[in-house]
Amino acid sequence: MKARPKRLITQQRTDTVQALEEANVFLTAQELHSVLKSSGSKAGLSTVYRSLEYLVEAGNVDVIRDQDNVARYRMCREIEHHHHLRCRECHRSIELVDPQIEEWAKKMARRHRFTNVAHEVELVGECQDCRSATK
Ligand SMILES: [Zn+2]
Ligand SMILES: [Zn+2]
Ligand SMILES: [Zn+2]
């Protein structure tokens, strides 16, 4: 493969971020690729994969596996409160939404008469892929 100017790669990464932000749903790399294509981007599927990989490692993008074990990606947005299950090997983070955690946090705050209580919950471990890679 020919070396590409760095600026171009960065531009494609920015496009990826923009497309993911606009979609605001979990997309597969292929879905994202066709979104980018229809908005005029020339990024190939492998570039999209690389951009996603980079963004996942940087913690900007959450990834989940659907029933067919296909990875789906979405921008991690702090505005929408949620938690992460993060792999310490590949840094993939899975988004966790659990009303029970929220209820528990509220209950604890009430019990101790705290107001304006915020919380962060992050579970860290090894994902299935990393586990099977080492065995
Ligand atoms: Zn997130
Ligand atoms: Zn992993
Ligand atoms: Zn929470």
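Below, each value reflects all heavy atoms present in this structure, side chains not excepted, and no hydrogens, waters or symmetry copies. Each ligand, and each atom within it, is numbered from 1 in the order the structure gives.
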Ignoring hydrogens and geometry beyond distance, is a side-chain donor-acceptor pair present between Glu120 and His83 at under 3.5 Å?
no
Short side-chain to backbone donor-acceptor contact, Thr47 and Ala43, under 3.5 Å:
no
Do Arg72 and Asp62 meet the salt-bridge criterion of a basic N to acidic O distance under 4.0 Å?
no
Are any N, O or S atoms from His82 nearer to the Zn ion (ligand 1) than 2.8 Å?
yes
2.8 Å cut-off met by an N, O or S atom of Asp62 to the Zn ion (ligand 1)
yes
With rounding to 10 degrees, what does the angle Glu102:OE2 / the Zn ion (ligand 3) / His83:NE2 come to?
90°
Thr28 backbone acceptor or donor facing Glu31 side chain under 3.5 Å:
yes
Would you say the ring centroid of His91 lies under 6.0 angstrom from that of His84?
no
If we ignore hydrogens and angles and just use 3.5 Å, is the side chain of Asp98 paired with the main-chain N or O of Gln100 as donor and acceptor?
yes
For distances below 2.8 Å, what is the count of protein N, O or S atoms around the Zn ion (ligand 2)?
4
The angle formed at the Zn ion (ligand 3) by NE2 of His81 and NE2 of His119 is about (to 10 degrees) 100°
Ser41 side chain vs Lys37 backbone, donor-acceptor pair below 3.5 Å
no
Salt bridge check: are Arg50 and Glu53 linked by an N-O gap of less than 4.0 Å?
no
